[in-house]
Each structure stands twice: as structure tokens, then as C-alpha cells.
Amino acid sequence: MKATAPPAKRRRGPRLAVLALVFCSLLVPIAFLFNRFPAVYVTDERPQQEIDLPSFDRVVFENGGSVNEDVSKKTSRSTSVSHRGIDSDPSIVSTKPKAIVLRPPKIEQVLPPPKVEPNPEVKPVLVPVPVHQNKKINLDKIRPPRVQSADEVEKAKACQLEFGSYCLWSIEHKEVMIDTIVKRLKDQLFVARSYYPSIAKLKGKETLTRELKQNIQEHERVLSESIVDADLPSFIKTKLERMDQSIARAKSCTVDCNNVDRKLRQILHMTEDEAHFHMKQSAYLYNLGVHTMPKSHHCLNMRLTVEYFKSMPLDPNDSSAHKFNLPDNRHYVILSKNVLAASVVINSTVSSSEDTENVVFHVLTDSQNFYAMKHWFARNSYRESAVNVINYEQIIFENFPEFGTQQLYLPEEFRVLISSLERPTEKSRMEYLSVFSHSHFFLAEIFKDLKKVIVLDDDVVVQRDISFLWNLDMGEKVNGAISFCGLKLGQLRNLLGRTMYDQQSCAWMSGVNVIDLDKWREHNVTENYLQLLRKFGNNDDEASLRASALPISLLSFQHLLYPLDERLILSGLGYDYGIKEELVQNSASLHYNGNMKPWLELGIPDYRKYWKRFLTRDERFMDECNVSP
């Protein structure tokens, strides 16, 4: 008799793996339901880092993608941003996002001081900005301070810390609830729910309990089908009266007030939690709108790029290329990835200038938008001026590989919250501070033959002739800029580390900047920038590179700043709804710093018209892509 082989052992590994996968597939939707809405959704094209003044004990970075682990490891101690907590039942889960907090790395080595000693007597030089002399503007009445209660100040501050300019936008577009019957139904439902558990425990109140339960169910069914008064059924008044009678009978019963109070608080906390959840959803859609290129603009870029390769190159530079490197010409530099934005800057500048024969615009863009820019400025001319479109990424890759990343970075914007210790009940002010990015610090290397340039942000509109800036004698200074004394370097002590700096020095703004390239090279600004960059973060890491833009820009020009007249440019048109139209009309130039750019549908309507009037008219590709001028 043959011996039978023992049965093979069944392998349990595949079975366990399948069970684990099934278990994980069940956990994923459950985890999603608990998290509801992630705190970080969109990687901002120009991330705004938010700063809470005046203590500056913390620097909170808005987007989770902008936090660098290597930098966070160098922090000496951790701090936190406190949001007003919800005193709720332990079973209620709060959906408020956790703030990510950064501290700057300690700087052990001190940079050599610049060749020019700081001169505390330097005062802003008034420049001849033309204004309407027959109109007197009282600047003190432009933005009158609004006194709020301490609770309102805390709510506004917490909202701005978490959502930024969305809070300003939501206040401006707040809709008043006009559906009074729906609101009354919800109020009745809340009160009935708070009394129902206590009434259900009382003996002899079975009829009232059933009546309350039935009314609650009917209210829930009506509200699930109707959200406005117009959708309500015709018999809704009967239901309202019936619920009022049931609530009145419930209130007449002797119940434990603590139970009713606890239930009301629980419902209140759940309602606040739900409202915050919907606010995060709305803020996400807002951020998606302000950080996404409009479909019509994307269409325009694609059409221009395709047309560039289909048609014969229309290159006007054959006759004007000799102007590009002449130091005696007036050279403007624009860093942009937006065809229409760069076009408006150029058109507004030449339209406001008396003489444009020797004016040259150098548009630095990335590889993706280079051919669209090239074809656009070949099709359109701007009086006698010349336009030179430069592929920034290609130039850096071919000529300056030692500079690290070749990516083009636009001016970095930082959201700053300023509060007053002397007037704690006064509303906190939110400002957007724009500074030079990584790409700006290589202008002296790219334009080796030039002596002086004016750098314009692509969200600027010029309304007056600014050619007088070419005649400014800045002495030994490098950067002519508008000072922003709402923020001083002493308030950034935790961010600047141990680097030597003047605590009373003011911050400065990009937008319109006069750059003396000869003095730039003389003071080794680019070399000092690269040295600071190695101390503040890894220049190969994008998040660290952009996060360090504020301290490095301020330190690089600490004693090399030439203050321009504040009347030269009006900032805040990308977030501040409170600027008077008279002030906008009389400003030499407008800066749409902030999230609500003028080329977006979410741009502030009162200010967009000043940008739109410089859009190119009768352009075939704009009509085909539905870009409305």
C-alpha cells in the first residue's frame, strides 16, 4: 500500500494581505469623514507667510508645503498659535486645522559689514510726483480706524491668521439672510431638540414626547427639501404654530435646567463647528480662484505659443536689438509669467511717459511662457519703446549654473498682521509686504552692460510719468524703494537670528524699485545674498528658498536702501477694500499686491477698471479666448 503524501500546508500570507487591504480600504473613508476638510489644499503660486506683530514670537507659514524640515530642526524652541477653542462636549470633534510654526535657524557667522556705513540722518527724498493740485486729500480720513469689542478683535485676528484675505473678501460679500421663515424653523428645531431628552425622561409626558418627536422629524424633513422661503410648502404656518405650542408646553414642565443648558451648548458647539467647516470649504474655493490662472488666460498662452511655431517669426528686435545693451537708454525690468500682466505694465508706463524713444523693457519669463510672450510682443508695439523677452531659466542654466535652481521666482509676498499694544481693542491691520525673490538677486549678472534699471512688478499700473526716477542721485545706495515702517527689523529679531542689523531700520516694498547696478556690483550684493542663503536655508530646496526671502531681502539692502517718496506708489489694491477712489486716481502708480489680482474675477471691482483700461484692444487671440478688456 502506497504511502500518501501529507496534505500541503496552505499559505496564510496572501490571505492576510488581502484582509489587510480590505481593512485599510474601510479605514480610508472613515478617516476622511473625521478629517472632513484638510487644512492644506492648494500650493500657492506666491505663498504668503503670515507674521503677527508686534511681539514676533512666531512666524506662521500659511501653506503646509512651504515648511522645510531642515529649517525646523534648527529652531531653538517651539511656539504655537492659539485659536479660540470651542468649549464643547468631548464627543464633538473640532475641525480647526493645526497651525505650522517655524523658527529661523540660528546664524553663527556674521557677514562682513557693507562698505557704506549706516547714516541715520538719511531721510526720504521727495520726488516730483505730479498730482492734481486742485484736490486736497486728507490722508487721515482715508482709512478711519474702527473700534471693535475685544471679542470681535479676537475673532477677526483668528480668522485672518487662518484664512488671510478671504476674511476681508467674505465680509465684503456677506449675504444677509432674508429667508426669515427658514431661520425660524431652524431656531424652533434647536430649542425642541434641547428639551426633548429631558421631556422623554418624565413620567406621564408620553403624549408630549411623541408630539415633540413628530414635530422635530417634520421640521427636519422640510429643511432637507427647502433652503429658502420660496421653496417652503403652503402649510408651513401650521407646522410653525404646532411647534410653538409644543415648545411652550415643554417649557412649562419641571425639568433639570442643567440638562437643557448642556444640550443647548452641545448644539451650539456643533453649529459653530459646522459653520467653521463650511468656512473652510469657502476659503478653499476662494484660494483656488485667486491662485489658479483663468481659463481664458491659459487659452491665450496656448494660442500664442502654437501661433509662434506655425507662423514665420515676427521679430521686431531686428531693428531695436541694438537698444538692449546700451547703458544710456532707460531700461525697465519685469519678472512675469502672465502675458497680459506684463503687457499692462508696459502699456501703462509708455502711455504715461512723454518720451519713449530710448525706453527698453526687459521681460524675464520662464520656459513655459517664453514663446507666448515672444509672439505677443512681436505682434504688439508700444510707441517707440523696445521690448526684449528673455528666457530666464535658459540664461541661468547656460551661464550661471553655480547659482543653483534655474526656476524663475516672482516677487514674494508676506502677509503681516499688525496690532497695537496701546489700543488692544482696535482692529488689527493686515498688510501684504512684497519683497525681492531669489531671481531678483541675479539681475546684475544678467545685465552686465547696464548701469541702472527700474524693476517693476507685474501687478503694477503706472498712471504718471516716472521718468524723473532716472535723474535721482542715490549716492552710494543701491536700491531705491518705498519704506514700510509698519515693520522694523527689531520686530523680526527671532527671524533674523544673530546677524548684525539696525533694529530701527524699516522694511521696504517691491513694486517700483530703482536699482543702481554699478553700486550693486561694488557692494557685492549677489555674493552677500548667496552667503545669507546658505545660512538661512538650502538653496536647492524651493520651500526653504521662498520662506527665507523676507529676512534675506531685508538684510541684503539694510544700509543700501534709498527711500523714495511714498506718493510714488499706492499699495494694497489686491486686498484692501477701504482705499478711497480719489486717492487711487491721484497716485503716480498703483500696486495690486495681495491675493485679489486685477486680472482675476475675484479682483476688487473698484480697482480693476484702472488696470483694464491699459489692456490691448482689438487683439484677435483675446477675442477668440473670451478675454474681456
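Heavy atoms only: backbone and side chains are in, while hydrogens, waters and symmetry mates are out.
Residue Tyr610 places its OH atom among more than 12 non-hydrogen atoms of other residues, nucleotides or ligands, all under 6.0 Å distant. Glu601 CD: 12 or fewer foreign heavy atoms inside a 6.0 Å radius.
In this structure, the side chains of Phe377 and Asn388 stay at 4.5 Å or more apart for every pair of heavy atoms. Residues Asp606 and Val584 fail the side-chain proximity criterion, which asks for heavy atoms closer than 4.5 Å. The shortest side-chain heavy-atom distance between Trp520 and Asn479 does not fall under the 4.5 Å cut-off.
Listed by chain and residue number, Glu624 satisfy the side chain to side chain donor-acceptor pair (under 3.5 Å) test with Arg303 (two or more places apart in sequence, or in another chain). Legend: residues meeting side chain to side chain contact (heavy atoms under 4.5 Å, CB included) with Leu600, ordered by chain and number and at least two apart, are Val290, Pro294, Lys597. With sequence neighbours left out, Ser348 forms a side chain to side chain contact (heavy atoms under 4.5 Å, CB included) with Val461, Val462, Phe614. With sequence neighbours excluded, the residues that form a side chain to side chain donor-acceptor pair (under 3.5 Å) with Gln463 are Arg613. Contacts of Ser439 classified as side chain to side chain contact (heavy atoms under 4.5 Å, CB included), with partners at least two apart in sequence or in another chain: Leu335, Tyr392, Leu408, Tyr409, Ser437. With sequence neighbours left out, the side chain to side chain donor-acceptor pair (under 3.5 Å) criterion links Glu393 to Ser367.
In terms of modelled atom types and a separation under 3.5 Å, the side chain of Ser282 and the main chain of His278 share no donor-acceptor contact. Under a 3.5 Å cut-off, the side chain of Lys477 and the backbone N or O of His559 do form a donor-acceptor pair. In this structure a side-chain-to-backbone donor-acceptor pair under 3.5 Å is present from Asp565 to Arg567. Ser553 contributes a side-chain N or O that, together with a main-chain N or O of Ala549, makes up a donor-acceptor pair within less than 3.5 Å. Not one N or O on the side chain of Asp516 forms a donor-acceptor pair closer than 3.5 Å with the backbone of Lys452.
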Inset, instruction - Mind running side-chain contact (heavy atoms from CB on, under 4.5 Å) on Phe436 and Ile552 for me, showing each step along the way? - result: CA-CA 9 Å; Phe436 281 178; Ile552 296 180; over 6 Å; no
Inset, instruction - Dump the intermediate steps for side-chain contact (heavy atoms from CB on, under 4.5 Å) on Met509 and Ile569, then the final yes or no. - result: CA-CA 10 Å; Met509 295 270 288; Ile569 187 167; over 6 Å; no
Inset, instruction - Begin from the C-alpha positions of Ile334 and Leu364 and carry the test side-chain contact (heavy atoms from CB on, under 4.5 Å) through to its verdict. - result: CA-CA 6 Å; Ile334 304 169; Leu364 275 66; over 6 Å; no
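Using the six-membered ring where Trp is involved, His438 and Tyr529 have ring planes that are tilted, between 30° and 60° apart. Ring pair Phe361/Tyr332 is parallel by interplanar angle, where below 30° counts as parallel and above 60° as perpendicular.
With respect to Asp518 and Arg521, a salt bridge is recorded, a charged nitrogen being found less than 4.0 Å from a carboxylate O.
Less than 6.0 angstrom separates the ring centroid of His362 from the ring centroid of Phe447.
Residues Ser589 and Leu568 share a closest heavy-atom pair of OG-O, 2.6 Å. Across all their heavy atoms, Arg415 and Ser165 have their closest contact at CD-N, 4.4 Å.
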